[in-house]
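All heavy atoms count here, side chains included; hydrogens, waters and symmetry mates do not. Sequence lines set the chain letters: A, B, ... in the order given, protein chains first and strands last, and positions in each chain run from 1.
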Amino acid sequence: MKEVRTRFSPSPTGSLHLGGAHTALFNWLIARHFEGVFILRIEDTDRERSREEFVEEILAAMRWLGLDWDEGPYRQSERGPIYQDYIDRLLAGGAAYYCNCPPGELEARRQAALARGDKPKYDGRCRERGLARGPDTVVRFKTPLTGVTHWRDGIKGPIAFDNQELDDLVLQRADGVPTYNFAVVVDDITMGVTQVIRGEDHIPNTPRQLVIYRALGAELPLFAHMPLMLGKDRAKLSKRHGALSVLAYREQGFLPQALVNYLARLGWSHGDQEIFSREELIEYFTLEHVTTSPGVFDEEKLLWLNSHYLKEMPPPELARALTPFLAKTLGVTDPDQAYVAKVAATLSARAKTLVEMAQMARFYFQDPRPYDDKAATKFLTRENVPMLQEASRRLEALPDPISQEALAQLFTGLAAETGRKMKDVAQPVRVALTGKTASPGLYEISSILGKAKTLLRMANAVKWAAGTK
RNA sequence: GUCCCCAUCGUCUAGCCUGGUCCAGGACACCGGCCUUUCACGCCGGCGACACCGGUUCAAAUCCGGUUGGGGACGCCA
C-alpha cells in the first residue's frame, strides 16, 4: 500500500487555536495510525499579516501537544520558484491567463452582484483578451464553464459542484506571490500529500483546487472535510470566543493529554470509550468514525478530562507539572520536588486544573493567616481554645516525623475523651492549619507540614481564638 | 441572495451504510442518595433526545422526498 502522507498547514497570522489544533491532531493521528508521514507547512503567502512570532508560537503549541512532524516546517514564502514553474506551465498550456482588472473595480462589481442577489463572481472579461504580463496583471485560472466537479469526500461522501458556480480565480497576485488555492495544490502535489484533511469550511475551495489538479494532470489525493468546532453560540470558533489559543490552555493549567483526548473525541468516537491514551488513539483512529456534523466546544468536559488526568498522574510527574504554577500563583520558587510531590498527591483529586491546584496548595507553603473570615468566626472560638490546647499538648508528645497513623489515633482519642464528634475536633484544627474549612485530610496535611509547623499554627490559632469574645 | 454541508438528551456521542435485538445506549453537566473529620474523589440512582411532514415497508432513529432549522463559503485572506 502507498505511504500515507498528511499535512497540517497553518497560516502564521495568529496563534494556534483550538480549531487548528483539532485539524492538526486528526492529520497527525491518521499519519501515525498508518505509519505514514506528517508534514508541517507554514502558509505565509499573506505577507501583510504573517508574523514570525506566530510561527514560533504555533510550533511551541504543536510541541506541547506532542504533535511531532516528520517533514518541515516548509514555508510557502521560500518556494517562489516552484510556484512560478507551475504558473508558467499553466500559462503555456492555455489553462491560465493574465488579467488587469483593477481591484477596486472588482470589488465594486462584487458588491453590485450581491446587491442584485447574484453570486458575486468574476465575469471573465479578460479571459479572451490575450493580455501580456504587465506591472498590474494577475494570473487567473481558466475554469471550465460547464460540467460538474465532484469527488468522494473521505468523511462526507459524494459532493458535487456545478462548474457554473465557480469563477476564474486568481492564481498569482500582481506582485508574483501565489494565492492560497494555487499554492496549496502545488504544495500538496510536490509534497506527495495523499490525504488532505481539513475543516469543512474548505469544502467550497475543493472544486476550485480540483480543476487545477486536473489542468496539471496530477493525481488526486483523498479529500476529507472534518466537522467544524463551534463556540457556545454555535458559530465557527474565532478570537471573539475568548482565550482559545492552545497556549492559553497551557497557561490555565490544562494538561496536553487532556486537550488531545478532548479534541480527539470531538467529531470522532470509538464506541462508548471516553478516555484514550495516545497509543489507543493512534491504534483506533481512522476517518471511518469521524462525525459529519459540527460540534460545540464544551469546556466543562475538557475540565473533567483534565481532572481525570490530574488524578492519574504519578506524583513526581505531577510535581514537575505543578512547579511552574507554584511560582506564578504563589511566588514559590525552586521548591523541594519530593515535598511538592507529597503536596500534589493530596490535591490531585480536588483540583481541576494546575492553576487551581497551586491555589489550593497555598497553606503548604505559606502561613494560613489571615484566616478565612467565616471559617475563623465559626471554629476559632473561645470555647474551642481548651480543645486546641489539648490537641497541641498531645501533638507535642508525638515522635517527630509524625505518622498519619499516630495522628489518626490522637484525634480519635481526643474526640472520644472530650465527648465531641470527630468533625467538632477536626474543623477547628483544619482552620488552624489551613485557614479554611475545606482541605485535604487532616492527617495528611499535618504529616506533610511536619511537627514544628503544625504546632506553630496551632499556637497561632489559639492566640487568635483567645482574643475573640 | 446564490451554492455547499449538517440535523439523536442542554453538550459530546453510540446506533443509521447492512430497517426489526432501541418505548434509543454511554459520557459531561445538573439533581438526589451513599461513603466521610471538611472539601473533593468514588459508588448508586434520577432528569433528559430520534426537528417536522409525507412516502416505501408487515416493520423506520435507521431507506427516499420535501419543509424547517443550524452552519459554512462566495477576496490579488487562508
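- When the P atom is used for both B:A61 and B:C23, the distance is 9 Å, rounded to whole Å.
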Would you list the atom pairs, donor with acceptor, under 3.5 Å between side chains in residues 304-315 of chain A and any protein atom, with sequence neighbours excluded?
from	atom 1	to	atom 2	distance (Å)
A:Asn306	OD1	A:Leu255	N	2.8
A:Asn306	ND2	A:Gly253	O	3.2
A:Asn306	ND2	A:Lys352	O	2.7
A:Ser307	OG	A:Leu303	O	2.9
A:Ser307	OG	A:Trp304	O	3.0
A:Tyr309	OH	A:Asn261	OD1	2.6
A:Tyr309	OH	A:Phe276	O	3.1

Name the pairs: protein N/O against N/O of nucleotides 12-17 of chain B, kept only if under 3.5 Å.
from	atom 1	to	atom 2	distance (Å)
B:C12	OP1	A:Val296	N	2.9
B:C12	O2'	A:Arg265	O	3.2
B:C12	O2	A:Lys301	NZ	3.4
B:U13	OP1	A:Gly267	N	2.3
B:U13	O3'	A:Ser269	OG	3.2
B:A14	OP1	A:Ser269	OG	2.9

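- Within the 4.0 Å cut-off from OP1 or OP2 of B:C76, at least one side-chain nitrogen or oxygen of A:Arg110 is found.
- A:Lys436 comes within contact range of no nucleotide atom at all, as no heavy-atom separation falls under 4.0 Å.
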Under 3.5 Å, side-chain donor or acceptor atoms of residues 95-105 of chain A against the rest of the protein: list the pairs with distances, not counting sequence neighbours.
from	atom 1	to	atom 2	distance (Å)
A:Tyr97	OH	A:Asp168	OD2	2.6
A:Asn100	OD1	A:Arg129	NH1	3.4
A:Glu105	OE1	A:Arg109	NH2	3.0

Could you go through nucleotides 44-49 of chain B and list every protein N or O atom that sits under 3.5 Å from one of its N or O atoms, giving the distance for each pair?
none

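- Using a 4.0 Å cutoff on non-hydrogen atoms, the parts of residues 437-444 of chain A near RNA chain B are A:Thr437, A:Ala438, A:Ser439, A:Pro440, A:Gly441, A:Leu442, A:Tyr443, ordered by number.
- At least one donor-acceptor pair under 3.5 Å links the side chain of A:Asn163 to the backbone N or O of A:Thr146.
- Taking atom C1' on both B:G65 and B:U2, the two are 23 Å apart, rounded to the nearest angstrom.
- Counting non-hydrogen atoms under 4.0 angstrom, A:His202 reaches a base of the nucleic acid.
- Base-pair partner of B:C63: B:G55 (Watson-Crick or G-U wobble, both distances under 3.5 Å).
- Nucleotides B:G26 and B:C9 are separated by 12 Å at their C1' atoms, to the nearest Å.
- Judged by atom type and distance alone, A:Asn205 reaches the base of B:A78 through a side-chain donor-acceptor pair under 3.5 Å.
- Here B:U38 is the nucleotide among B:C5, B:C76, B:U38 with the atom lying nearest to any side-chain atom of A:Arg350.
- With A:Ser392 contributing its side chain and A:Leu455 its backbone, the two residues share no donor-acceptor pair below 3.5 Å.
- For B:U37, neither phosphate oxygen OP1 nor OP2 lies less than 4.0 angstrom from any side-chain nitrogen or oxygen of A:Thr412.
- The backbone N or O of A:Thr23 lies less than 3.5 Å from a partner atom in the side chain of A:Asn27, making a donor-acceptor pair.
- Near RNA chain B, defined here as any heavy-atom distance below 4.0 Å, there are no residues from residues 73-83 of chain A.
- A salt bridge between A:Glu165 and A:Arg208 is absent, with no side-chain N of the basic residue lying under 4.0 Å from a carboxylate O of the acidic one.
- Partner assigned to B:C3 is B:G72, using Watson-Crick or G-U wobble distances below 3.5 angstrom.
- Judged as a salt bridge (charged side-chain N to carboxylate O under 4.0 Å, His left out), the pairs with a partner in residues 263-274 of chain A (not counting sequence neighbours) are, in order, A:Arg265-A:Glu274, A:Glu274-A:Lys301.
- Backbone-only contact: A:Leu228 has heavy atoms under 4.0 Å from sugar-phosphate atoms and none from a base.
- To the nearest angstrom, C1' of B:G70 lies 16 Å from NZ of A:Lys232.
- Per the geometry, OH belonging to A:Tyr122 stands 19 Å off P belonging to B:C74, to the nearest Å.
- Within the structure, side-chain hydrogen bond (donor to acceptor under 3.5 Å, both in side chains) pairs that include any residue of residues 425-445 of chain A comprise A:Gln427-A:Arg430, A:Arg430-A:Ser439 (at least two apart or interchain).
- Shown here are the ring pair (Phe, Tyr, Trp, His ring centres under 6.0 Å) partners of A:Tyr284, two or more places apart in sequence or in another chain: A:His270.
- The partner of B:G45, taking Watson-Crick or G-U wobble pairs whose two distances both stay under 3.5 Å, is B:C31.
- Atom C1' of B:U8 sits at a distance of 15 Å from the matching atom of B:G69, rounded to the whole Å.
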Review item, nucleotides 1-4 of chain B N/O atoms under 3.5 Å of protein N/O:
from	atom 1	to	atom 2	distance (Å)
B:G1	O2'	A:Gly117	O	2.2
B:U2	O2	A:Lys119	NZ	3.3
B:C3	O4'	A:Glu165	OE1	3.3

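- Scanning residues 176-186 of chain A for heavy-atom distances under 4.0 Å to RNA chain B yields A:Thr179, A:Tyr180.
- Residue A:Leu433 holds its CG atom at 8.0 Å from CZ of A:Phe363, rounded to the nearest 0.5 Å.
- For the salt bridge (charged side-chain N to carboxylate O under 4.0 Å, His left out) condition, the pairs that include at least one residue of residues 175-190 of chain A, sequence neighbours left out, are A:Arg7-A:Asp188, A:Arg41-A:Asp187, A:Arg41-A:Asp188, A:Arg79-A:Asp187.
- B:U13 and B:U18: their P atoms are spaced 24 Å apart (whole Å).
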